[in-house]
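In what follows, a structure is listed as structure tokens, so that the remarks can point back to it.
Predicted model, so just to flag it, every value in this text is computed and none were measured.
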Amino acid sequence: MAKRAFEDFTEGVAFPLPPYRVTKEEVIAFASEFDPQPFHLDEAAAAKSMLGGLSASGWHTCAMMMRMMADGFLNDSTSQGSPGIDFVKWLRPVRPGDTLSGTVRVLSSRRSASRPTIGLAKLAADLVNDRGETVLASEYTVILLTREAAAEQAA
């Protein structure tokens, strides 16, 4: 099967994200390395925090979303990366034991005027926990090769 190219990222197209199970061990390991705040590391301290219990770092949640996007559609596309994120909102705590799922929707797309072999697609991603609560919302742009450019690159 051919990889998804820029032409496949038209307004309204949605890509489901595969489920991701969050474990206590990974929450603590990520926080220990990158976001060592008490509510990400210690259950007793987390219970006393405004989060009301141990929760994943927002940055960890972004990393989990990235994995879900890579497995869901990016690794099967002509993605060339992203120039950045427009916004990310952490709407609810992500808890150990949660199973995350989500959807990425194409908001708009356009071919590059200066580099016609690439296109830019503006995407919106939403992650939900297994209770149906939205835990993360974000928008960003992805750069994709056109079908023709991908074929030339493969040759």
Side-chain angles (χ1 to χ4, degrees), residues 1-36 40-41 54-155:
M1 183 170 98
K3 288 188 172 207
R4 291 182 181 108
F6 165 70
E7 293 85 352
D8 300 310
F9 287 75
T10 57
E11 185 176 340
V13 170
F15 301 103
L17 300 177
Y20 188 95
R21 181 90 169 149
V22 182
T23 69
K24 178 181 173 181
E25 295 77 19
E26 74 174 314
V27 166
I28 292 171
F30 185 96
S32 295
E33 180 88 16
F34 301 107
D35 192 355
H40 299 317
L41 293 169
L54 191 66
S55 64
S57 164
W59 298 114
H60 184 195
T61 304
C62 288
M64 290 183 266
M65 178 182 69
M66 187 68 228
R67 181 63 203 223
M68 295 165 71
M69 291 188 308
D71 292 345
F73 70 97
L74 283 176
N75 285 344
D76 190 33
S77 77
T78 62
S79 173
Q80 302 296 293
S82 173
I85 296 174
D86 296 323
F87 75 83
V88 62
K89 291 183 181 180
W90 300 303
L91 301 169
R92 292 187 181 273
V94 172
R95 309 275 188 206
D98 282 353
T99 298
L100 303 179
S101 60
T103 304
V104 172
R105 294 175 321 284
V106 180
L107 299 176
S108 63
S109 61
R110 67 175 178 83
R111 191 177 292 255
S112 170
S114 61
R115 295 182 62 195
T117 60
I118 64 170
L120 297 106
K122 181 155 180 122
L123 307 177
D126 294 302
L127 292 186
V128 297
N129 60 26
D130 38 356
R131 293 172 300 286
E133 301 166 328
T134 302
V135 298
L136 180 147
S138 68
E139 287 184 11
Y140 57 95
T141 300
V142 65
I143 302 166
L144 299 138
L145 291 177
T146 62
R147 201 173 317 288
E148 182 181 350
E152 287 174 13
Q153 190 179 66

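Across all their heavy atoms, T146 and F6 have their closest contact at CA-CB, 4.1 Å. Taking every heavy atom of both residues into account, F30 and A63 meet most closely at CE1-CB, 4.4 Å. Scanning both residues, T78 and A5, for their nearest heavy atoms gives OG1-CA, 3.5 Å. Nearest heavy atom pair, residue D35 against residue S57, reads OD2-OG, 2.7 Å. Listed here is the closest heavy atom pair of M65 and A125: SD-CB, 3.8 Å. Scanning both residues, A137 and F87, for their nearest heavy atoms gives O-CE1, 3.8 Å.
In this structure, the side chains of F73 and L123 come closer than 4.5 Å at one or more pairs of heavy atoms. I118 has its side chain within reach of I143: a pair of non-hydrogen atoms, C-beta onward, lies under 4.5 Å apart. Residues V27 and V22 form a side-chain contact, since some pair of their non-hydrogen atoms from C-beta on lies under 4.5 Å apart. Side-chain atoms of P19 and L100, non-hydrogen and from C-beta on, never get closer than 4.5 Å to each other.
A salt bridge does not link K89 with E139: every distance from a Lys NZ or Arg NE/NH1/NH2 to an Asp or Glu carboxylate oxygen is 4.0 Å or more.
Here the CG-CD distance, from L120 to Q80, works out to 11.0 Å after rounding to the nearest 0.5 Å. Once rounded to the nearest 0.5 Å, the distance linking CG of D126 with OG of S101 reads 10.5 Å. The line from NZ of K3 to CD of Q153 is 9.0 Å long, rounded to the nearest 0.5 Å. The structure places OG of S77 at 9.5 Å from CG of D8, a figure rounded to the nearest 0.5 Å. Separating the CG atom in L145 from the CZ atom in R4 is a distance of 15.5 Å, to the nearest 0.5 Å. For the atom pair OG1 (T117) and CG (L144), the distance works out to 11.5 Å, reported to the nearest 0.5 Å.
Between the side chain of S79 and the backbone N or O of G81 there is at least one donor-acceptor pair closer than 3.5 Å. Looking only at distances, no side-chain donor or acceptor of D71 sits under 3.5 Å from a matching main-chain atom of M68. For the pair T103 (side chain) and F15 (backbone), a donor-acceptor distance under 3.5 Å is absent. Proximity of a side-chain donor or acceptor of S82 to a complementary backbone N or O of T141 within less than 3.5 Å is detected. Between the side chain of R111 and the backbone N or O of P116 there is at least one donor-acceptor pair closer than 3.5 Å.
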Derivation and outcome, side-chain contact (heavy atoms from CB on, under 4.5 Å), residues V104 and L17: CA-CA 7 Å; V104 172; L17 300 177; 3.9 Å; yes

Step-by-step side-chain contact (heavy atoms from CB on, under 4.5 Å) determination, T134 to R92: CA-CA 7 Å; T134 302; R92 292 187 181 273; over 6 Å; no

Step-by-step side-chain contact (heavy atoms from CB on, under 4.5 Å) determination, L136 to V88: CA-CA 7 Å; L136 180 147; V88 62; 3.9 Å; yes

Trace of the salt bridge (charged side-chain N to carboxylate O under 4.0 Å, His left out) decision for D98 with R21: CA-CA 6 Å; D98 282 353; R21 181 90 169 149; over 6 Å; no

Working for side-chain contact (heavy atoms from CB on, under 4.5 Å), residues M69 and Y140: CA-CA 12 Å; M69 291 188 308; Y140 57 95; 2.7 Å; yes

Salt bridge (charged side-chain N to carboxylate O under 4.0 Å, His left out) assessment of E11 paired with K122: CA-CA 9 Å; E11 185 176 340; K122 181 155 180 122; over 6 Å; no

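Remark: W90 CH2 is packed, more than 12 non-hydrogen atoms of other residues, nucleotides or ligands lying under 6.0 Å away. Heavy-atom neighbours of E148 CD from other residues, nucleotides or ligands within 6.0 Å: at or below the threshold of 12. Counted within 6.0 Å of CZ on R147, heavy atoms from surrounding residues, nucleotides or ligands total more than 12; the atom is thus considered enclosed.
Residue I28 is tested with K24, E25, E26 for a side-chain contact (heavy atoms from CB on, under 4.5 Å); the sole match is K24.
R95 and S55 are not linked by any side-chain donor-acceptor pair at a separation below 3.5 angstrom, with hydrogens and angles left out of the test.
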